[in-house]
Amino acid sequence: MLSGLGRAVRSGWPPGKRRPPVLFGVWDGSSLPSVPPGLGRVRWSQGLAGPHSTLETSDVTINYRHGLPVITLTLPTRSERCIFTVKPMVTTVGAFLKDLQREDKGIQRAEVFAPDGSKVSDATLMEVLLMNDFKLAINNTAHLVSPPAKDKLSSEHATEMEDIKSLVHRLYVALHLEDHQIRKERELLEKLDHLKEELLPLEQMKAGITASADAKTSRLLWVGLALLSAQGGALAWLTWWVYSWDIMEPITYFITYGSAMAFYAYFVLTKQDYLYLDAKDRQFLHYFYKKSKKQHFDVEQYNKLKEDVAEVEESLRRLRQSLHLRLPVQEISAKD
């Protein structure tokens with residue numbers, strides 16, 4: 001039952017008879033209750049917990065002081081006026097309602113509704129809320145709030161405000177940019193150390209695999225040289241000591257033709273010309289991946305860590321370039 005609102009009576013009671021008092025919230029649905037003049041309107045609504053009554057008043061005032069809205073209202077428990085200054089660009093409806101509940105512990109329910117009765121989200125900024133009229137529901141009392149129209153800034157004043165904002169932004173950057181860059185450099189160095197710690201065991205494993213693959217590739221090259229030397233010696237021996245050149249000439253021709261076919265087959269299979277350096281690298285990679293698979297070396301993880309390290313080092317290099325423009329020569333030499 002609401003205090004201080006007098007007695008609510010049913011409309012339509014026969015004239016000349018005394019109207020008995022009626023408790024708030026008891027309504028048979030035949031007619032709407034009325035309230036004596038000056039106390040506002042009683043609005044009946046059906047909630048989750050059953051019918052309840054709400055008094056609508058207009059004792060909430062909003063004024064602008066130094067460009068900020070100042071909301072003045074009466075606290076329900078202490079019955080005293082309280083002033084709340086909000087920052088419309090930062091404060092949300094939920095934050096404002098929490099400030100109300102922190103100020104008056106007797107506030108059990110605080111909500112904001114639009115003129116059509118729909119609830120306003122707690123995430124809505126106060127700047128958006130103050131553009132139109134709204135209802136502030138505190139416990140069982142709904143306050144009708146009509147924000148004053150904010151004076152529009154002239155174009156000249158708006159330009160001055162933009163210049164001031166730009167100046168403040170430049171001052172903030174000038175005062176805090178170097179600290180931010182130094183803090184960012186420290187973060188990059190920590191990240192680089194962490195990546196190098198993860199990369200160290202992979203580097204050691206890769207070094208062993210690389211040495212093994214390189215040794216096998218070198219042995220294969222020496223075997224190829226030995227085979228070519230043996231082939232040349234055999235052809236010379238057959239030409240001068242066993243047979244004559246007339247017999248060995250067609251043999252050497254078909255050997256050359258067979259070598260050409262082998263090189264062409266290499267191109268068909270690999271889509272690359274047969275160059276000794278490329279062939280060596282290809283064979284090295286073949287041995288490397290074969291050995292990596294046996295030792296469970298994660299090549300993809302290793303490549304990703306190497307890319308991350310290169311990216312961090314590049315970011316660190318670009319960051320230090322801007323820092324070097326502000327540091328004395330002695331400090332630059334010490335860092336390098």
Discussion item. Between Leu200 and Gln204, is the side chain to side chain contact (heavy atoms under 4.5 Å, CB included) condition met? List the steps.
Written reply: CA-CA 6 Å; Leu200 182 60; Gln204 295 175 352; 4.0 Å; yes
Would you confirm whether [X], through its side chain, and [Y], through its main-chain N or O, come within 3.5 Å as a donor-acceptor pair?
X	Y	result
Ser212	Ile209	no
Asp298	Glu300	yes
Ser259	Ile255	yes

Using every non-hydrogen atom in the two residues, find where [X] and [Y] come nearest and quote the distance to one decimal.
X	Y	answer
Thr239	Leu235	OG1-O, 2.6 Å
Tyr266	Asp273	CE2-O, 3.8 Å
Leu97	Ala110	CD1-O, 3.4 Å
Ser146	Asp133	CA-OD1, 3.3 Å
Pro76	Asp104	CD-OD2, 3.2 Å

Distance (rounded to the nearest 0.5 Å) between [X] [atom1] and [Y] [atom2]:
X	Y	atom1	atom2	answer
Asp214	Phe284	CG	CZ	6.0 Å
Gln231	Ser229	CD	OG	10.0 Å
Thr91	Glu127	OG1	CD	11.0 Å
Arg109	Thr141	CZ	OG1	9.5 Å
Glu185	Leu192	CD	CG	11.5 Å
Leu221	Leu225	CG	CG	9.0 Å

Would you say that [X] contacts [Y] through its side chain, given a criterion of any heavy-atom pair below 4.5 Å between the two side chains?
X	Y	result
Glu203	Lys306	yes
Arg102	Ile107	no
Glu314	Glu311	no
His143	Leu73	no
Met126	Pro69	no

Report whether [X] and [Y] are members of the same hydrophobic cluster (ILVMFWY, side-chain heavy atoms less than 4.5 Å apart, transitive linking).
X	Y	answer
Met131	Val93	no
Leu125	Leu136	no
Phe263	Val268	no
Tyr287	Met205	no
Val86	Ile83	no

Practice prompt. Report the residue from Thr85, Thr61, Ile62 that forms a side-chain contact (heavy atoms from CB on, under 4.5 Å) with Val70.
Written response: Thr85
Worksheet item: Between Tyr257 and Tyr253, what is the ring plane arrangement, given parallel below 30°, perpendicular above 60°, and tilted in between?
Response: parallel
Practice prompt. Specify whether Phe297 and Tyr302 have parallel, tilted or perpendicular ring planes, treating 30° as the upper limit for parallel and 60° as the lower limit for perpendicular.
Written response: tilted
Fill in: By side-chain contact (heavy atoms from CB on, under 4.5 Å) - contacts of Trp237 (at least two apart)
Trp241, Val242
Discussion item. Salt bridge or not between Asp308 and Lys304? Use side-chain N to carboxylate O under 4.0 Å.
Written reply: yes
Worksheet item: After noting the C-alpha distance and the side-chain angles of His286 and Gln283, does the key distance pass the side chain to side chain contact (heavy atoms under 4.5 Å, CB included) rule?
Response: CA-CA 5 Å; His286 173 72; Gln283 194 63 36; 3.7 Å; yes
Discussion item. Check this for me: Trp245, atom CH2, are more than 12 non-hydrogen atoms of other residues, nucleotides or ligands nearer than 6.0 Å?
Written reply: yes
Fill in: Side-chain donor-acceptor pair present, His194, Glu190, cut-off under 3.5 Å
no
Fill in: Criterion side chain to side chain contact (heavy atoms under 4.5 Å, CB included) on Ile71 and Phe96, from CA distance to verdict
CA-CA 10 Å; Ile71 303 176; Phe96 171 67; 3.8 Å; yes
Scan the side chains in residues 114-122 for donor-acceptor partners under 3.5 Å anywhere in the protein, sequence neighbours excluded, and list what turns up.
unit_1: Asp116; atom_1: OD1; unit_2: Ser118; atom_2: N; d: 3.2
unit_1: Asp116; atom_1: OD1; unit_2: Ser118; atom_2: OG; d: 2.8
unit_1: Ser121; atom_1: OG; unit_2: Ala123; atom_2: N; d: 3.2

Worksheet item: Step by step, would you call Val223 with Leu227 a side chain to side chain contact (heavy atoms under 4.5 Å, CB included)?
Response: CA-CA 6 Å; Val223 169; Leu227 290 176; 4.2 Å; yes
